[in-house]
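Hydrogens, waters and symmetry mates are skipped; everything else that's a heavy atom, side chains included, is used. Every number for a ligand or one of its atoms is a count from 1 in the order of the listing.
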Amino acid sequence: MLETEGRNALDAMAALREWEARYQRGETGWDRGSASPALMQWLEHMEPCRVLVPGCGRGYEVVELARRGFDVTAIDIAPSAIASLQSLLSREQVHARVIQEDLFTHKAEHAYDMLYEQTCLCAIEPKHRLAYAHLCRDWLRPGGRMFALFMQTGKPGGPPYHCDLLDMRHLFAEASWLWPDDAPLFVPQSSGRFELGYVLTRI
Ligand SMILES: C[S@@+](CC[C@H](N)C(=O)[O-])C[C@H]1O[C@@H](n2cnc3c(N)ncnc32)[C@H](O)[C@@H]1O
């Protein structure tokens, strides 16, 4: 069931407080400390392009993409996540555009070729999912691709909010997105949860 509701400045402030507090308390169970194996697999078949990473966290994937010559823009609402990513980028001596902001306010100067959606959606309250899906569509150029890792918790509540696949099919609907025929990537997390990886093409 898709719900939607307008997002306002209070929602953004609440999200900032909530996510920053998680980083401050060290409650970052999703953090692998290195780039996701899904990205490493997908990268075998990818050419550098212009990519957006919303909800990048500490951004190991951002560093990996930048190291391989991608033009990367990374967004996170939590200042601590952004600070970690900036120091990682400077330690590795690679460049990415790193922005601390509410992703719902992000305006692309030019459409992106690629979106790397690694468990950002599961961090967003379900009532704002439809607005997020519309942004994903608008950020990408036609023919651009979204590399998505949909969190599977099998439980109500969150975050992380379960990304039921039927809901995902409605959210990223056929009018705007082409879904692949092949089976998804299965990506386990240390928490016992897992992600399902799909590459969707923006029509
Ligand atoms: C589950 S974590 C995933 C982080 C990273 N993608 C990873 O897999 O390691 C979700 C991330 O989304 C960020 N986030 C949540 N709501 C956001 C918002 N409205 N705008 C930007 N970032 C947001 C959080 O701060 C957090 O870093």
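- Residue contacts with ligand 1 for Ser36 are absent, since no atom lies close enough (heavy atoms, distance under 4.0 Å).
- Closest approach of Phe104 and Arg7 over heavy atoms only: CD1-NE, 3.0 Å.
- The line from CD1 of Ile82 to CG of Leu89 is 9.5 Å long, rounded to the nearest 0.5 Å.
- Rounding to the nearest 0.5 Å gives a distance of 10.0 Å between CE of Met151 and CZ of Phe194.
- Of all the heavy atoms of Met151, none lies under 4.0 Å from any atom of ligand 1, so neither backbone nor side chain is involved.
- Close approach to Tyr23 involves these atoms of ligand 1, each under 4.0 Å from a residue heavy atom: 25 (O), 26 (C), 27 (O).
- Looking at Ala123 against ligand 1, only its side chain comes within 4.0 Å, counting heavy atoms.
- Checked against ring pair (Phe, Tyr, Trp, His ring centres under 6.0 Å), Tyr198 has the following partners two or more places apart in sequence or in another chain: Trp179.
- Heavy-atom distances between Glu101 and ligand 1 reach below 4.0 Å in at least one pair.
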Exercise for the section: Please assess Glu64 against Arg32 for the test salt bridge (charged side-chain N to carboxylate O under 4.0 Å, His left out), listing each intermediate value before the final yes or no. Expected result: CA-CA 14 Å; Glu64 190 59 40; Arg32 289 185 175 84; over 6 Å; no
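- Scanning all heavy atoms of the two residues, the minimum distance from Met40 to Ala35 falls at SD-CB, 4.0 Å.
- Atoms of ligand 1 lying under 4.0 Å from any heavy atom of Asp102, numbered from 1 in the order shown and given with element: 18 (C), 19 (N), 20 (N).
- Heavy atoms of Thr119 approach ligand 1 to within less than 4.0 angstrom.
- Ligand 1 lies less than 4.0 angstrom from a heavy atom belonging to Arg7.
- Shown in contact with Ala78 at under 4.0 Å from a heavy atom are these atoms of ligand 1, numbered in order with element: 25 (O).
- Residue Tyr60 places no heavy atom under 4.0 Å from ligand 1.
- Taking distance alone, with nitrogen or oxygen atoms compared against 3.5 Å, Cys122 stays at or beyond that limit from ligand 1.
- At a 4.0 Å cut-off, not a single heavy atom of Ile124 sits close enough to ligand 1 to count as contact.
- At a threshold of 4.5 Å between side-chain heavy atoms, the hydrophobic network of Ile, Leu, Val, Met, Phe, Trp and Tyr places Tyr112 and Leu200 in one connected group.
- A donor-acceptor contact shorter than 3.5 Å is absent between the side chain of His162 and the backbone of Lys155.
- When non-hydrogen atoms are compared, ligand 1 lies under 4.0 Å from neither the backbone nor the side chain of His128.
- Regarding atom 12 (O) of ligand 1, its nearest protein heavy-atom neighbour is Gly55 CA, 3.5 Å.
- Side-chain atoms of Glu61 come within 3.5 Å of backbone atoms of Ser36 as a donor-acceptor pair (strictly under, hydrogens ignored).
- The shortest heavy-atom distance from Cys56 to ligand 1 is under 4.0 Å.
- Remark: side-chain polar atoms of Gln152 are paired, donor with acceptor, to backbone N or O of Cys163 under 3.5 angstrom.
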